[in-house]
Amino acid sequence: MIDKGNINELAELVPITSLRNLVSDFKVTKGELFLNVKADSLVKTITFLKDDVNFQFEQLIDICGVDYLNREPRFDVVYHLLSISLNQRICVVVQVADKTPIPSAVSVYETAEWYEREVWDMYGISFFGNPDMCKILTESSFNDYPLRKDYPLNGSVKWSYDEKEQRLTAKSVDGII
Amino acid sequence: MIISEIIILLSALFAASVLLIYVERKLIAAVRLKKIARVYGLMQPIADAFKLFFNETILPRGKTQVAFMLLPVLFFTSIVACWAVIPVDEGVVLADINAGALFLVAMFFLSICLIVVIGWASDSKYAMFGALHSVAMMVAYELSAMLAIVCVLISSGSMRLSDIVNAQAEMWYCLPHFPMFVVFFIYALVRTNCPPFRMSESGNISDGEYSIEYTSVGYIFIAFARYVNMLLMSAVITVFFLGGWLPPFEVELFLLIPSVIWFGLKMSLCLLIFIFTKTAFPIYRYDNLVQFGWKMFLPFSLVWVIAAAGYTLVSATGKF
Amino acid sequence: MVRAVLKNSTLNTMQQTAGGGFFRLVLEVDGENILKATPHIGFSHFGIEKLIENKSYINAVSLLNQEYALVLAIEKLLKIKPSKRAAYIRVLLAELSRIMSHLQTVVSIAEGAGNSTPSYYGAAVQEKIMEFLELAGGSRLHANCLRVGGVYNDLSYGLMEDIVKWLKKDFLCFLDNIDEKLTEDRIFKQRTVGIGTVSSENAIEWGFSGANLRASGSLWDLRKAQPYDVYDELDFEIPIGKYGDCYSRYLVRMAEMRQSVNIILQIIEKIPEDFMIILDDTVATDNEKTVLSHSSKNIDEDYNVPAGQCYESTEAPSGEFGAYLVSDGSNRAYRCKIRTPSFAHLQAVPHVLKGNKIEDINTIISSLGIEAGEVDR
C-alpha cells in the first residue's frame with residue numbers, strides 16, 4: 001500500500017497539465033484539493049483525471065449537491081474522486097443554476113448513475129446522458145426537492161383526516177422549521 | 001366399526017403431531033441456545049390452529065377457486081390415507097391389504113401430483129415456482145426411493161407390510177440394504193423439508209413455497225399434513241428398514257416391552273434425526289440437489305436392485 | 001396459426017437485509033437463472049441529511065461507525081484533535097462495532113445458504129458487544145460514545161479488563177467454532193465458492209470499498225492508507241481475498257474480526273493513562289470557545305464551527321464511509337452529505353447477480369454487507 005500522497009504536489013500539476021484549460025480555479029484547503037470547473041468541461045476534466053498517469057482517479061466516491069440559496073448560480077455539484085493506486089483524493093466542483101441540466105458522468109464512471117439520480121431527487125438538478133434519470137429515494141408522487149434550502153423540514157403538505165369527506169386530505173402548509 | 005378405528009387413528013395422529021411440534025421447537029431451541037415455553041408449550045399448536053380458524057380466507061381471483069379450497073383437504077387425505085396400511089403392531093393396522101407397499105408408492109406419487117395442482121390453483125407465480133421446485137426435487141429422489149422399496153420387496157418376497165416386518169425377524173433390512181436405507185432416508189428428508197435436502201420453502205429463500213397463497217383453514221390442513229408426513233416417513237422407514245415392531249435382539253428383557261413401544265422408539269429415532277438436520281446443515285442449492293438425485297442415486301439404486309435380485313435368485317434356486 | 005409468445009417471467013421480490021431494512025428487487029428470470037435484476041430503494045429513507053442541516057452538531061447521533069466520519073469532519077473544521085486516550089478509546093469502540101457488524105454479515109451469509117443456526121450464536125455474541133458499548137456510552141445500539149473532540153466519557157472501571165477477558169476466552173473460541181462449523185462445511189462451500197464473483201477491475205469500477213474490495217484482491221484499507229486517529233500507531237494486517245466470490249468475502253470478514261481482536265488487545269496495552277477528553281492545547285488555543293473540557297456540562301453545549309468545507313472518510317465495516325461537510329460558521333451544518341458504502345454496493349448488485357441462480361440472491365446480497373437502512377439514509 002502506498003503512503004498518502006502529497007496533495008500540494010498534486011496541486012502543482014494542475015496548471016502545467018491540460019487541466020489548465022479545463023479548470024477555472026483550484027485551491028487546497030485543509031489538505032484537500034478542490035477544482036472548480038465549468039459544466040461544459042466537466043466530462044473532459046474527469047476523463048482526464050481518470051486516465052492521466054499522474055492522477056489515476058479510478059473511483060467516483062460520491063456526487064453531492066449543495067444549495068446556496070442566495071447565490072447565483074444557485075447550486076454546487078461536488079464530485080469526490082479517489083485514486084487507489086496513488087492514494088489521493090480530489091474534489092471537482094461544478095456550479096449550476098436552477099433548471100439547468102449538466103452533463104452526466106456515467107460515460108466515465110459507471111457508478112455515477114445512482115448518485116446523479118439522488119442529486120436529481122434531492123435538488124432537481126438534471127443530468128443529460130444519464131440512462132435512467134428518475135427519482136431514486138422519494139416516492140413518485142412526491143413533487144418537491146427536499147434538500148433544497150427553501151423546502152421546509154416538516155414538508156410542504158400536511159395530511160389529515162377530513163371528517164366530512166371521510167378520507168385523508170392534503171393541505172399545503174407554510175413551513176415552520 | 002371402521003369409522004371408530006379411523007377416528008382413533010386421526011386423533012392419535014393429531015396428538016402425535018402436537019407433541020412433535022412441541023418437541024421440534026424444544027430441540028431446535030436447545031441447539032440454538034434459546035429458551036422457550038415449558039410443558040405448557042404443548043398447547044401452542046392448538047392455539048395457533050384455533051387462531052388460524054378466524055383468519056380471513058383469501059381466494060384467488062381466477063376460475064380455480066373450488067380447486068383451491070378442496071386441494072388442501074385432498075393433500076391432507078393423500079398423506080393420512082397412507083397410515084391405513086402401516087402396521088403398528090402384529091395385527092394392529094387399519095387395512096392389512098396384500099399390496100400395501102404398492103398402495104404407499106401410489107400415495108406418495110399422488111401427494112406429489114397434488115402439490116403441482118396446488119401451485120396451479122393458487123393462481124400466483126410464486127406458488128407455481130415453489131410447487132415446481134418442490135416437485136422437481138422430490139421426483140429426482142422419488143425413483144431411487146421406490147427402487148429402494150423394490151429391494152426390500154425382493155428380499156421379503158411380499159408386498160404386505162406386516163409380512164415385510166416379520167421377514168426382518170432375523171436381520172433388519174437396514175443392514176444388508178444399507179445403501180438403500182441411506183437413499184430412502186434422504187428421500188424422507190426431501191419429503192419432510194429437512195436440510196440439507198430441502199424443498200424451497202419460504203424462509204430466507206427468495207421465491208415462495210407452494211402453499212404461499214393459503215391462509216386460514218387451508219393453511220391448517222397443509223401445515224398439519226406436513227407433520228403427519230414427518231410421522232409417516234419415519235413410520236415407513238421403521239417398517240421397511242428398521243424391523244417394525246420387532247425388538248432389536250430376542251432378549252427376555254426386550255420381549256417384556258410391548259412391541260408398540262419398540263415401534264414408537266424407532267420412529268422417534270428417525271424423527272430426532274429429521275429435526276437435528278433442520279438445525280445443523282445449510283441447504284444444497286436446487287440444481288446441485290437435483291443433479292445428485294438423478295446422476296448418483298438413480299444409477300446406483302438400479303445397480304443395487306439388480307444385485308439384490310441376483311443374490312436372492314441364486315440363494316433361492318442354488319443355481320448361478 | 002397462433003404462435004405462443006414466450007416471455008421470461010418477472011418476479012417482484014422483497015429483500016430483507018441482515019440489519020432489518022428492506023428493498024425491492026425486480027427479477028427477470030429464465031428458469032433458475034437471473035437475467036436482469038433491478039433494485040428499487042427508498043423504503044427506509046428518512047432524510048438524515050435534511051435533519052442534520054436542521055439540528056445542531058451535537059444532535060447528530062448515529063451508529064458508532066457511522067458518526068465517526070462526521071465527528072472527524074467536524075474536528076477537521078474546528079482544527080482540534082482528541083487527546084491520545086480518547087482517540088484510543090474511539091478506535092477500541094470502532095473495532096468492537098466492526099466485529100459486531102462483520103459477525104452479522106458472516107452469520108447472514110450462512111443464513112442465506114440455508115443454515116440459520118449460526119445467527120443465533122452470533123446474536124448472543126452481538127448482545128455481549130452491545131453490553132460493552134452500553135457501558136461505554138450509555139446506549140446499546142446507537143452507542144452514542146463519540147463526541148467532537150473526544151468521547152462521551154472515560155471507560156468505566158474494569159471495562160477494558162472485561163473486554164480483554166471476553167475477547168481472549170469466549171470470542172476467539174466462538175470464532176473457532178464458526179470456522180469449524182462453516183468454513184470447512186462442504187455444503188456451505190458449495191453455496192458460496194464461485195458465487196457472485198467480482199473481479200478486481202470490476203470491483204474498482206463499480207465503486208466497491210472496504211472488505212468487498214479487499215475480497216476481490218485489491219490491497220486497500222483506509223485505516224492503513226489514510227490513517228485517522230491512532231490507527232498509524234497500531235500494528236495489524238490487512239487480509240485480502242483472491243477470487244472475489246462470496247466465500248472470499250466471508251473469509252476476509254472472518255480474518256478481519258481476528259485482526260480487530262488483535263487491534264483491541266494492542267490498544268489495551270498501549271492506551272495512555274492521561275486525562276480524558278481534554279484537547280491538545282496547541283491546536284485548541286485559537287478556538288477557545290469550542291474547547292470541550294471533560295465535564296459533561298460543556299460537552300452538551302452548542303458550539304459554532306468555522307466556515308469551510310471538508311470531506312472525511314473512515315473505514316466502516318462495510319466500506320468507505322464518508323462525510324462531506326459544508327459549514328457556514330453557525331452551530332448547524334449547512335450541508336452534510338453522508339456517503340455510505342452500501343449505496344455503491346447495492347448499485348453494483350445487478351451486475352453481480354446477473355447469471356447467478358435465484359437461490360443465491362440472499363447469499364450474495366448479505367455477503368456484500370448491504371444494509372437497506374444505510375443505503376437509504
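Chain naming here is simple, since letters A, B, ... match the order of the sequence lines and numbering starts at 1 in each. In what follows, every heavy atom counts, from backbone to side chain, and hydrogens, waters and symmetry copies are set aside.
- Residue B:Phe281 holds its CZ atom at 11.5 Å from CZ of C:Arg186, rounded to the nearest 0.5 Å.
- Between the CG atom in B:Asp287 and the CD1 atom in C:Ile358 there is a gap of 11.5 Å [rounded to 0.5 Å].
- Within the 4.5 angstrom heavy-atom criterion, atoms from both the backbone and the side chain of C:Phe188 approach chain B.
- For C:Ile195, the part lying under 4.5 angstrom from a heavy atom of chain B is the side chain only.
- The two residues C:Asp185 and B:Pro282 have their closest heavy-atom pair at OD2-CD, 3.6 Å.
- Counting heavy-atom neighbours within 6.0 Å of C:Phe43 CZ, excluding the residue itself, gives a total above 12.
- Environment of CZ in C:Phe174: crowded, with over 12 heavy atoms of neighbouring residues, nucleotides or ligands closer than 6.0 Å.
- For residues 109-118 of chain B, the set of pairs meeting the side-chain hydrogen bond (donor to acceptor under 3.5 Å, both in side chains) definition, not counting sequence neighbours, comprises B:Ser111-B:Arg191.
- In this structure, B:Thr279 contributes its side chain and C:Thr117 its backbone to no donor-acceptor pair below 3.5 Å.
- When all heavy atoms are compared, the tightest approach of B:Val31 to C:Tyr121 is O-OH, 2.6 Å.
- In this structure C:Ser97 satisfies the side-chain hydrogen bond (donor to acceptor under 3.5 Å, both in side chains) test together with C:Asn65, sequence neighbours excluded.
- Nearest approach of B:Arg285 to C:Glu359, heavy atoms of both residues: CG-OE1, 3.6 Å.
- Top candidate by heavy-atom pairs under 4.5 Å with chain C, chosen from B:Leu33, B:Asn288, B:Ile28, is B:Asn288.
- The neighbour count for C:Lys36 NZ, taken as heavy atoms of other residues, nucleotides or ligands under 6.0 Å away, does not exceed 12.
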